[in-house]
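Okay, structure first, notes after.
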Amino acid sequence: MALYSIVIPLYNEEEVVEECIKRVDGVCRKLDGDYEIIFVNDGSKDRTVELMMNACKVNTKIKLLSFSRNFGHQIAITAGMDYAKGDAVIVMDADLQDPPEVITSLIDKYKEGFDVVYAVRSKRKGETIFKKWTSKAFYRFLRFMCNIDIPVDTGDFRLISRKVCDVMKKLTERNRYVRGLVSWVGFKQAAVEYVREERFAGETKYPLRKMLKLSMDGITSFSSKPLSMSKNLGFFTATAGFIYMVIVILNKYVFGKTVQGWASLIVVILLIGGIQLIVLGVVGDYIARIFDESKNRPLYIIEDKYNFNGE
Ligand code: UDP
Ligand code: MG
């Protein structure tokens, strides 16, 4: 009999935990195989763990990994994948924005022989215009920047087969962009459309700061274009500077005009200074990532495990 693993990250989700368990467990009971629901507590500071521990006592299909602190959504998903035993692993959010009922459609596609089935948002309900627009623009920008084909408008809600999960375990990079990695590994991939619902309760655990970090990880993990773009920008400003220098010299010695204009000078200095800092920053960003990798620390630290018998 097939075993399905559902992986759900939790960060301060006390308001949604119980409803989430009820809905997901309800869907799983109707599946044609056995199942396990692996919750990963990503260092919650509220009652999430307490509620989860109660649930684990009642239902042994519910398992919990608890981190020693907040390691971030992408790392939490990774830990879940590492511990999942299923023939297929499904990753979803806890807030029921990814409707558990879609799991059945993901599994149907998996049975047709696909190794990755990702859920594409055809509509997003209850999210701010700002979030919708920035994420729409970002997915397209990422596609333009990267050499691999990352599908637009998909989150981490997806199914991966055992084969893909085993390959994912070998990718140990730190600043992870899981959906990019899943595209990168290849295999037969298919999409299923769904309507992204409103958050069941509570508020988003992805403030702008975390969104920006995730976007930067997406771009720098899959593209070195920012580096070559910086170089091109440098060439462009240097050429423009050179042409301007020739004009200045001609003006002085051929046309006998002396240069006035302090304003234009300061503008050019500021502009070029700014560009230099940006370029340095881009280079620095890549160096910081090399630094992170070279430290070779574990991706996450697990403080407690529940219902993982004998592991
Ligand atoms: N999450 C997490 N660690 C974090 C932030 C979020 O594990 O540092 C989890 C969160 O509990 C939820 C999922 O990641 O299950 C997606 O977060 P959220 O729904 O807040 O993001 P949004 O849907 O607003 O993009
Ligand atoms: Mg959400």
Side-chain angles (χ1 to χ4, degrees), residues 5-24 37-52 55 62-84 89-100 102-103 118-121 123-139 142 152-158 174-179 194-218 299-304:
S5 305
I6 320 285
V7 170
I8 306 178
L10 296 170
Y11 179 54
N12 295 343
E13 300 285 12
E14 59 182 4
E15 287 134 308
V16 303
V17 174
E18 280 163 337
E19 181 69 15
C20 175
I21 293 173
K22 207 167 81 196
R23 290 264 304 272
V24 177
I37 310 176
I38 303 179
F39 285 90
V40 185
N41 164 44
D42 185 14
S44 302
K45 294 181 189 74
D46 61 359
R47 290 175 54 239
T48 303
V49 179
E50 192 187 321
L51 296 172
M52 278 308 307
I62 296 174
K63 303 180 175 184
L64 177 69
L65 294 172
S66 199
F67 283 176
S68 59
R69 65 166 169 88
N70 180 248
F71 279 87
H73 175 216
Q74 301 289 304
I75 303 288
I77 295 176
T78 307
M81 288 182 182
D82 288 347
Y83 280 81
V89 181
I90 296 138
V91 176
M92 59 187 292
D93 288 355
D95 57 0
L96 299 170
Q97 282 196 290
D98 307 333
V102 179
I103 292 176
Y118 51 88
V120 183
R121 305 155 180 170
K123 242 195 218 136
R124 301 176 75 144
K125 288 190 193 164
E127 282 179 326
T128 57
I129 301 275
F130 176 75
K131 180 136 188 170
K132 280 187 209 169
W133 271 78
T134 46
S135 74
K136 249 197 149 64
F138 169 71
Y139 286 126
L142 185 66
V152 296
D153 302 331
T154 61
D156 286 306
F157 186 22
R158 60 185 64 212
R174 259 122 266 272
N175 296 291
R176 297 172 86 79
Y177 189 62
V178 174
R179 53 198 93 158
Y194 78 108
V195 176
R196 191 157 163 90
E197 295 294 334
E198 254 173 76
R199 195 174 229 286
F200 173 73
E203 54 193 39
T204 177
K205 305 298 176 303
Y206 255 98
L208 189 61
R209 179 177 52 81
K210 282 190 182 171
M211 266 166 72
L212 286 176
K213 162 89 171 66
L214 184 69
S215 329
M216 277 310 288
D217 285 344
L299 271 182
Y300 49 83
I301 299 167
I302 291 182
E303 190 180 330
D304 270 317

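Since the model is a prediction, treat every value here as computed from it, not as a measurement. All values below come from the heavy atoms of this structure, side chains included, with hydrogens, waters and symmetry mates left out. Numbering of ligands and ligand atoms starts at 1, following listing order.
- Around CD of Glu18, the count of heavy atoms belonging to other residues, nucleotides or ligands within 6.0 Å does not exceed 12.
- The neighbour count for Lys210 NZ, taken as heavy atoms of other residues, nucleotides or ligands under 6.0 Å away, is above 12.
- Remark: minimum distance from atom 25 (O) of ligand 1 to any protein heavy atom is reached at Lys131 NZ, 2.9 Å.
- Some N or O of Ala94 is nearer than 3.5 Å to an N or O of ligand 1, by distance alone.
- Counting only protein N, O or S atoms closer than 2.8 Å to the Mg ion (ligand 2) gives 2.
- With a 4.0 Å cut-off on non-hydrogen atoms, Gln74 does not touch ligand 1 at all.
- The nearest non-hydrogen atom to atom 12 (C) of ligand 1, considering only Lys210, Glu13, Lys213, comes from Glu13.
- Regarding atom 19 (O) of ligand 1, its nearest protein heavy-atom neighbour is Asp95 OD2, 2.5 Å.
- Stacking of Arg69 on the aromatic ring of Phe71 is recorded, both the 6.0 Å distance cut-off and the 45° axial limit being met.
- Residue, atom and distance of the protein heavy atom nearest to atom 5 (C) of ligand 1 are Lys205 O, 3.5 Å.
- Gln97 pairs with exactly one of Arg196, Glu197, Arg121 by the side chain to side chain donor-acceptor pair (under 3.5 Å) rule, that one being Arg196.
- Only the side chain of Asn70 comes within contact range of ligand 1, with a heavy atom under 4.0 Å; no backbone atom does.
- Surrounding NZ of Lys213 are more than 12 heavy atoms belonging to other residues, nucleotides or ligands, all under 6.0 Å away.
- No hydrogens or angles considered: a donor-acceptor pair under 3.5 Å links the side chains of Asp156 and Gln74.
- Residues Phe138 and Leu214 have side chains not in contact (no heavy-atom distance under 4.5 Å, counting atoms from C-beta outward).
- Closest heavy-atom approach to atom 16 (C) of ligand 1 within the set Val40, Asp98, Asp93: this belongs to Asp93.
- Checking only distances, Ala76 never comes within under 3.5 Å of ligand 1, N or O to N or O.
- Residues Thr154 and Arg179 bring no donor and acceptor atom of their side chains to less than 3.5 Å of each other.
- Contacts with ligand 1 closer than 4.0 Å are made by side-chain heavy atoms of Asp42 only, the backbone lying farther away.
- A donor-acceptor pair shorter than 3.5 Å cannot be found between the side chains of Asp42 and Tyr300.
- The main-chain N or O of Val49 is never found under 3.5 Å from a side-chain atom of Asn41 such that the two would form a donor-acceptor pair.
- The closest side-chain heavy-atom distance from Val91 to Phe157 is not below 4.5 Å.
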